[in-house]
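One structure below.
Values below: every heavy atom of this structure, side chains too, minus hydrogens, waters and symmetry copies. In this text, all values refer to a predicted model and were calculated from it rather than measured experimentally.
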Amino acid sequence: MKVFSGSSNKPLSEKIAKQLGVSVSPCEIYIFPDGERRIRIEENVVDEDVIIVQTTSPVPDTHIMELFFLVDAAKRSGAKSITAVVPYLGYQRQDHVFREGEAVSLDVVIKTLEASGVDRIITFDLHSIKIPELFKIPIVHLSALSIFAQKIKELFPDYKDSILISPDMGGIRRIKIISELLDGMPFASIEKNRDLATGDISSNKFDSVFQKEAKRAIIVDDMISTGRTIVAACDLLLQNGVEEVLVFATHPVFSNSASKILQESKVAKVFVTDTIDVQQDKVFEKLEVLSVAQEIAGKLKN
Ligand code: R5P
């Protein structure tokens with residue numbers, strides 16, 4: 001087995017390789033003056049099972065192209081099989097036509113990945129449970145929810161006064177799963193509306209089961225991009241008697257000034273995973289990063 005890393009998340013690639021008892025194999029990623037990339041793997045992969053780790057975090061297009069080229073290089077060099085570990089799959093929120101005339105960008109990404117020669121994809125917490133159906137090749141869809149549940153157990157062993165919150169109705173399945181992992185911790189969902197043209201968010205009411213007596217809210221989401229969903233949910237919770245709000249979100253996309261917005265918000269703590277490598281300028285005091293390396297390595301060992 002040979003593990004190669006794109007440039008998007010080398011720390012995670014190294015952790016995965018370490019768990020597998022190998023080193024990350026060398027590859028050259030040369031950037032031409034015009035921004036084009038030339039990829040060359042620098043190890044013999046003939047008849048090898050090749051693992052390529054590349055998250056498609058910002059800047060997604062650059063990282064996606066790099067992934068296609070890494071796959072092509074491995075295939076041309078005689079790899080027996082190619083597994084693409086894409087912990088965060090970019091464009092996943094564009095999985096269907098929302099407004100007439102739109103492209104289904106995720107479909108294009110998937111088709112191109114399949115055409116490039118990937119045999120299997122391993123990814124984490126996709127935005128919609130229907131996304132795996134869009135793939136023709138096998139996809140292993142992992143989740144950070146068990147990592148989050150473990151952390152919540154460590155922090156609040158008796159779960160007292162706590163409620164799990166989905167910041168939108170689309171996340172209700174996710175919240176039910178983590179509630180089960182936490183012995184049926186109560187949960188509720190917020191009704192969020194997003195203006196599809198401007199991205200503006202309004203989160204102004206709960207579904208019917210919000211329990212007013214909860215003093216601590218634990219928001220669970222798949223990703224944080226601008227941070228606006230989390231801040232709107234936090235404000236609504238505080239207006240409704242909650243005293244402390246914590247956040248668990250798998251993918252720290254952290255677009256624009258999300259880090260600043262979250263640090264300055266009333267959220268007490270933000271837990272994310274390393275599906276995306278949080279760059280130094282986006283790290284903030286309230287942030288804690290949990291690793292998904294073990295889950296990925298576990299799947300690769302099977
Ligand atoms: C939306 O449906 C997702 O589950 C996230 O809540 C959303 O993508 C977060 O985006 P933002 O941080 O920009 O509000």
Test item: K286 side-chain N/O and S265 main-chain N/O as donor-acceptor pair under 3.5 Å: yes

Decide side chain to side chain donor-acceptor pair (under 3.5 Å) for Q19 and Q294; before the verdict, give the C-alpha distance in whole Å, the side-chain angles of both, and the deciding distance to 0.1 Å. CA-CA 7 Å; Q19 297 261 348; Q294 207 177 336; 4.7 Å; no

Ignoring hydrogens and angles, state whether a donor on the side chain of T275 or T55 is under 3.5 Å from an acceptor on the partner side chain. no

So, do I178 and F148 sit near enough that their side-chain heavy atoms are less than 4.5 Å apart? yes

Any chain of hydrophobic side-chain contacts (each under 4.5 Å) joining V86 to V272? no

Check this for me: does any side-chain nitrogen of one of K176 and E180 sit under 4.0 Å from a carboxylate oxygen of the other? no

Closest non-hydrogen atoms of V267 and V247, given as atom of the first, atom of the second and distance, are CG1-CG2, 3.7 Å

From SG (C234) to CD1 (I190), nearest 0.5 Å: 9.0 Å

Test side chain to side chain contact (heavy atoms under 4.5 Å, CB included) applied to R173 and S166, step by step: CA-CA 9 Å; R173 195 191 125 268; S166 171; over 6 Å; no

Chi angles and distances behind the salt bridge (Lys or Arg N to Asp or Glu O under 4.0 Å) call for K2, E43: CA-CA 9 Å; K2 301 272 164 136; E43 200 153 292; 3.1 Å; yes

Quick one: do the S291 and D274 side chains pair a donor with an acceptor below 3.5 Å? yes

For H127 and D222, indicate whether the former's side chain and the latter's backbone hold a donor-acceptor pair under 3.5 Å. no

Could you tell me the separation between the OG atom of S116 and the CZ atom of F69, rounded to the nearest 0.5 Å? 10.5 Å

What distance do L237 atom CG and I218 atom CD1 have between them, rounded to the nearest 0.5 Å? 11.5 Å

Answer yes when R174 and D221 have at least one side-chain N-carboxylate O distance shorter than 4.0 Å, and no when they do not. yes

Are V85 and V118 linked, directly or through intermediate hydrophobic residues, by side-chain heavy-atom contacts shorter than 4.5 Å (ILVMFWY only)? no

Looking only at atom types and distance, does a side-chain atom of S77 sit under 3.5 Å from a main-chain N or O of A73, one as donor and one as acceptor? yes

Is it true that K151 and E288 have a side-chain N and a carboxylate O under 4.0 angstrom from each other? yes

Given side chains that start at C-beta, do those of T123 and L142 come closer than 4.5 Å, heavy atoms only? no

Give the intermediate values and the outcome of side chain to side chain contact (heavy atoms under 4.5 Å, CB included) for residues I52 and T83. CA-CA 6 Å; I52 296 170; T83 297; over 6 Å; no

Is there a side-chain contact between I137 and I110, using heavy atoms and a 4.5 Å cut-off? no

Step by step, work out the side chain to side chain donor-acceptor pair (under 3.5 Å) result for S8 and E66. CA-CA 9 Å; S8 63; E66 217 177 73; 5.8 Å; no

Closest approach of L12 and P87, non-hydrogen atoms and distance? CD2-CG, 3.6 Å

Answer whether the closest heavy-atom distance between the side chains of I261 and T226 falls below 4.5 Å. no

Would you call the rings of H251 and Y88 parallel, tilted or perpendicular if under 30° counts as parallel and over 60° as perpendicular? tilted

Treating H63 as the side-chain partner and S57 as the backbone partner, does any N or O pair qualify as donor plus acceptor under 3.5 Å? yes

State, with a plain yes or no, whether a side-chain heavy atom of L300 is found less than 4.5 Å away from one of I51. yes

Report, as yes or no, whether the 6.0 Å neighbourhood of atom NZ on K18 holds more than 12 heavy atoms from other residues, nucleotides or ligands. no

If we count only N and O atoms by modelled type, under 3.5 Å, do the side chains of T229 and K192 hold a donor and an acceptor together? yes

When rounded to the nearest 0.5 angstrom, what distance separates NE2 in H96 from OG in S105? 12.0 Å

Between K80 and E48, is the closest basic N to carboxylate O distance under 4.0 Å? no

Stepwise side chain to side chain contact (heavy atoms under 4.5 Å, CB included) test for H141 and L126: CA-CA 7 Å; H141 184 194; L126 293 166; 3.5 Å; yes

When I64, D72, L70, V71 are each screened for side-chain contact (heavy atoms from CB on, under 4.5 Å) with F68, the one that passes is I64

Does F4 share a hydrophobic cluster with L20, counting links as ILVMFWY side-chain heavy atoms below 4.5 Å and allowing steps through other members? no

Side chain proximity check, I121 to V140, heavy atoms < 4.5 angstrom: no

Here the pair of heavy atoms bringing S143 nearest to L145 is OG-N, 3.0 Å

Can you tell me which residue pairs pass the ring-ring contact (aromatic ring centres under 6.0 Å, His included) test with a partner in residues 273-302, sequence neighbours excluded? F254-F284

Is the backbone of A103 close enough, under 3.5 Å, to the side chain of Q94 for a donor and an acceptor to pair up by distance? no

Which is it for S81 and D119 under the side chain to side chain donor-acceptor pair (under 3.5 Å) test, yes or no, and what are the steps along the way? CA-CA 6 Å; S81 73; D119 296 295; 5.0 Å; no

K111 vs E114, test: salt bridge (Lys or Arg N to Asp or Glu O under 4.0 Å). Steps then yes/no. CA-CA 5 Å; K111 279 183 186 147; E114 287 170 344; over 6 Å; no

With distance as the sole test, does E102 use its side chain to make a donor-acceptor pair with the main-chain N or O of R99 at under 3.5 Å? yes

How far apart are the closest heavy atoms of S128 and P132, and which atoms are they? O-CD, 3.9 Å

Without hydrogens or angle criteria, can the side chains of Y91 and D107 be said to hold a donor-acceptor pair below 3.5 Å? no

Do S5 and Q54 have a side chain donor and acceptor closer than 3.5 Å? no

F32 six-ring centre to R37 NZ/CZ under 6.0 Å and within 45° of normal: no

I'd like to check C27 versus R40 (side-chain heavy atoms, cut-off strictly below 4.5 Å). Are they in contact? no

Quick check: do I131 and Q92 have side-chain heavy atoms less than 4.5 Å from each other? yes

Does Q263 use its side chain to pair, donor to acceptor, with the backbone of E285 at less than 3.5 Å? yes

Going from CD on E133 to CG on D95, what distance comes out if it is rounded to the nearest 0.5 angstrom? 10.5 Å

Between T273 and A144, the two heavy atoms sitting closest are CG2-CB, 3.8 Å

Within a reach of under 6.0 Å around NZ of K260, are more than 12 heavy atoms found that belong to other residues, nucleotides or ligands? no

Decide side chain to side chain contact (heavy atoms under 4.5 Å, CB included) for L89 and F124; before the verdict, give the C-alpha distance in whole Å, the side-chain angles of both, and the deciding distance to 0.1 Å. CA-CA 8 Å; L89 181 66; F124 259 86; over 6 Å; no

Assigning hydrophobic clusters by single linkage (Ile, Leu, Val, Met, Phe, Trp, Tyr; side-chain heavy-atom cutoff under 4.5 Å), is I147 placed with L182? yes

In Å and rounded to the nearest 0.5 Å, what is the CG to OG distance from N256 to S225? 7.0 Å

Would you say I177 and V292 are hydrophobically clustered, going by side-chain heavy atoms of ILVMFWY under 4.5 Å? yes

Locate the shortest heavy-atom distance separating K10 from G6; write the atom from each residue and the value. CG-O, 3.7 Å

